[in-house]
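In this text the structure is predicted, and so the values were computed from the model without any measurement. All values below come from the heavy atoms of this structure, side chains included, with hydrogens, waters and symmetry mates left out. Reminder, nothing fancy here: chain letters follow the sequence lines and each chain counts from 1.
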Number of protein chains: 2
Amino acid sequence: MQRMNIATDTRSRIIAAAKPRFHSRSYANVGIQEICESAGVQKGSFYHFFPSKRDLVMAVIDAFADEWANGFVAEAFDPALPPMERIDYLIDAAYFWQKSIKQVHGRMLGCIFGNLTLEVSTQDDILRAKLLAIFTRAKSRFKETLEQAVAAGTIPPLDAGLTAEAMLAYLEGVILLAKAQNDPELLYRLGPAIKTLRIELSGD
Amino acid sequence: MQRMNIATDTRSRIIAAAKPRFHSRSYANVGIQEICESAGVQKGSFYHFFPSKRDLVMAVIDAFADEWANGFVAEAFDPALPPMERIDYLIDAAYFWQKSIKQVHGRMLGCIFGNLTLEVSTQDDILRAKLLAIFTRAKSRFKETLEQAVAAGTIPPLDAGLTAEAMLAYLEGVILLAKAQNDPELLYRLGPAIKTLRIELSGD
DNA sequence: ATCGTAGTAGACCGACCAGTCAAATGCAAG
DNA sequence: CTTGCATTTGACTGGTCGGTCTACTACGAT
């Protein structure tokens, strides 16, 4: 059991070293060697736990997804909140998170899922599928929320699935533009407009 | 003058070789050597025309920007069209372009400006500024269009600057999500909702 | 004819890349 | 005490990276 903990420790030290690097730079720009040095681990140990760089980045994706799912996302999609306020909350959370990262790191890092998607999805279908699954789950959260808002009469009926996808796209797009400006304040200015997006039910 | 043409030819052959590569892969994943081989040019010649890889990608960015400005964008933002129809046209153009690329290349490549922004903007402020300028110009096009739509009474008054930025963000976000799905049809389904985005004039 | 210069050629540089491997170590179960 | 496996070590591979350098060619201007 002791061994298990040590092993887990090495593995998680690698992930902990990799996370901020993949977030702040890019997949291709971060090398295994650098991660090993930062984690205090030898090459051989690294490849004991991860068959390839791709497997590492997948673990990093999971780590970020868990962090979000257990943090801001869980707070935002609290069933106790009125549906549309959950969306406000999520936008706020994204804004404050990006802002705090910029204060510490000096730069807007954006969304790691979006970053990786645009970098690797033409080159690696396995990574693309992994990232797509993250987006699909996020879309479901939006969709449920919209359905509840419609059921509650807060908003008129609409195509919840497509509108959810549109909202997710908008959020990613705003983060992209904010990153181009290195300014999280754009999220503050543009974020709330996410609720104006609407796709009507197609007539059939 | 003859020399000028030959020189221009070499330079533009390099750019022509680089364009599809940077578009379909990533900045870091495309090497100078590969570009030289594809363009039939030696390393020395390459560095005669481009001081660095960054200068090449800037020329590539300009080439894409020109291609768009003289093509679809010029068609879409035709003053003869009713303002809001120009936006429809632009979405259509983006959709058909991505679709045709996928038919030829087998993949959704997305927007090279968005791709590069997420990849390099934390690592190279000069490239970030270059890309930001592209987005700023695009935003201006949307803004003028919205202002004209308001003047014509087609849509109620709104904050044209912020709404234009929101629309640009949405477009980039939809392309990002479509790339994650490797499916340009998402542009077709989500694109038209761009016109539902609205940011009201702030009260001051 | 010759000089200057734009362009070309291609070997070369040190650094880094992802990934491999054989040998050693540590530890738990028998 | 021994066997066996998880883990670690660190040297090593073949290849690529962006970029440099010197020599050479081609051509226009004087």
Side-chain angles (χ1 to χ4, degrees), chain A residues 1-19 21-22 24-61 116 119-120 122-127 130, chain B residues 1-19 21-22 24-61 116 119-128 130:
Chain A
M1 285 306 110
Q2 182 68 4
R3 273 155 73 215
M4 198 63 181
N5 289 340
I6 291 167
T8 301
D9 184 62
T10 299
R11 199 188 128 96
S12 59
R13 261 189 3 255
I14 292 171
I15 292 174
K19 270 180 75 181
R21 284 172 172 79
F22 283 130
S24 68
R25 310 228 290 283
S26 72
Y27 180 63
N29 199 57
V30 176
I32 306 292
Q33 187 173 310
E34 175 191 346
I35 290 167
C36 288
E37 280 162 16
S38 156
V41 160
Q42 295 302 107
K43 263 276 186 67
S45 288
F46 175 90
Y47 279 98
H48 176 75
F49 289 101
F50 300 97
S52 71
K53 188 183 182 183
R54 180 212 271 156
D55 293 276
L56 168 64
V57 86
M58 294 227 269
V60 167
I61 290 167
L116 287 172
E119 181 181 358
V120 308
T122 54
Q123 304 176 61
D124 188 322
D125 271 327
I126 293 174
L127 284 181
K130 177 99 194 167
Chain B
M1 285 308 111
Q2 182 68 7
R3 273 160 68 215
M4 198 61 181
N5 290 340
I6 293 168
T8 302
D9 183 62
T10 298
R11 198 188 129 95
S12 58
R13 262 192 358 258
I14 293 171
I15 292 174
K19 270 180 74 181
R21 285 173 171 79
F22 284 132
S24 68
R25 310 229 291 283
S26 71
Y27 181 62
N29 198 58
V30 176
I32 306 291
Q33 187 172 310
E34 174 190 348
I35 290 166
C36 288
E37 279 162 16
S38 155
V41 160
Q42 295 300 106
K43 262 287 187 59
S45 289
F46 176 91
Y47 279 97
H48 177 74
F49 289 102
F50 300 97
S52 71
K53 188 182 183 183
R54 180 212 271 158
D55 292 275
L56 169 64
V57 86
M58 295 228 267
V60 167
I61 290 168
L116 288 173
E119 182 181 358
V120 307
S121 64
T122 53
Q123 304 176 60
D124 188 323
D125 272 328
I126 292 173
L127 284 181
R128 188 175 62 77
K130 178 99 194 167

Query raised in the report: Out of dA18(C), dT8(D), dT8(C), which has the shortest distance to the side chain of Thr10(A)?
Result: dT8(D)

Query raised in the report: What integer distance in Å separates Lys53(B):NZ from dT20(D):C1'?
Result: 17 Å

Query raised in the report: Which atom names give the shortest non-hydrogen contact between Phe46(A) and Val41(A), and what distance separates them?
Result: N-CG1, 3.9 Å

Query raised in the report: Once you round it to whole Å, what is the distance between C1' of dT20(D) and CZ of Phe46(B)?
Result: 14 Å

Report summary line: Per nearest nucleotide of DNA chain C, the residue lying toward the 5' end, Ala28(A) or Ser45(A), is Ala28(A)

Query raised in the report: What is the minimum heavy-atom distance between Ile35(A) and Ala17(A), and which atoms define it?
Result: O-CB, 4.0 Å

Query raised in the report: Glu34(B) CD to dC17(D) C1': how many Å, rounded?
Result: 12 Å

Requested in this report: Ignoring backbone atoms, test whether His48(A) places a side-chain nitrogen or oxygen under 4.0 Å from the OP1 or OP2 oxygen of dT8(D).
Outcome: no

Query raised in the report: NA contact type, Gly44(A), heavy-atom cut-off 4.0 Å: base, sugar-phosphate, or nothing?
Result: base

Report task. Test for a donor-acceptor pair under 3.5 Å between the base of dG19(C) and the side chain of Lys43(A), counting only N and O atoms. Result -> yes

Query raised in the report: Within a strict 4.5 Å, meaning less than it, do heavy atoms of the Leu127(B) and Leu116(B) side chains meet?
Result: no

Query raised in the report: Just how far, in rounded Å, is P of dA6(C) from CG of Asp9(B)?
Result: 19 Å

Query raised in the report: Please give, in whole Å, the distance from dG19(C) P to Phe49(A) CZ?
Result: 17 Å

Report task. Dump the intermediate steps for salt bridge (charged side-chain N to carboxylate O under 4.0 Å, His left out) on Asp124(B) and Arg128(B), then the final yes or no. Result -> CA-CA 6 Å; Asp124(B) 188 323; Arg128(B) 188 175 62 77; over 6 Å; no

Query raised in the report: Hey, is the side chain of Gln42(A) poking within less than 4.0 Å of OP1 or OP2 on dG10(D), counting only N and O atoms?
Result: yes

Query raised in the report: Distance check: side-chain N/O of Ser52(B) vs OP1/OP2 of dG18(D), anything under 4.0 Å?
Result: no

Query raised in the report: Which pair of heavy atoms, one from Ala59(A) and one from Phe50(A), lies closest together, and at what distance?
Result: CB-CE2, 3.8 Å

Query raised in the report: How long is the line joining CD1 of Ile14(A) and P of dT9(D), in whole Å?
Result: 11 Å

Query raised in the report: Within this structure, what is the CD-to-P distance between Gln33(B) and dG18(D), rounded to whole angstrom?
Result: 9 Å

**Report entry** Per Tyr47(B) side chain, nearest of listed nucleotides dG18(D), dT8(D), dA18(C)
**Finding:** dG18(D)

Requested in this report: Nearest whole angstrom, please: distance from the P of dA15(C) to the CD1 of Ile32(A).
Outcome: 21 Å

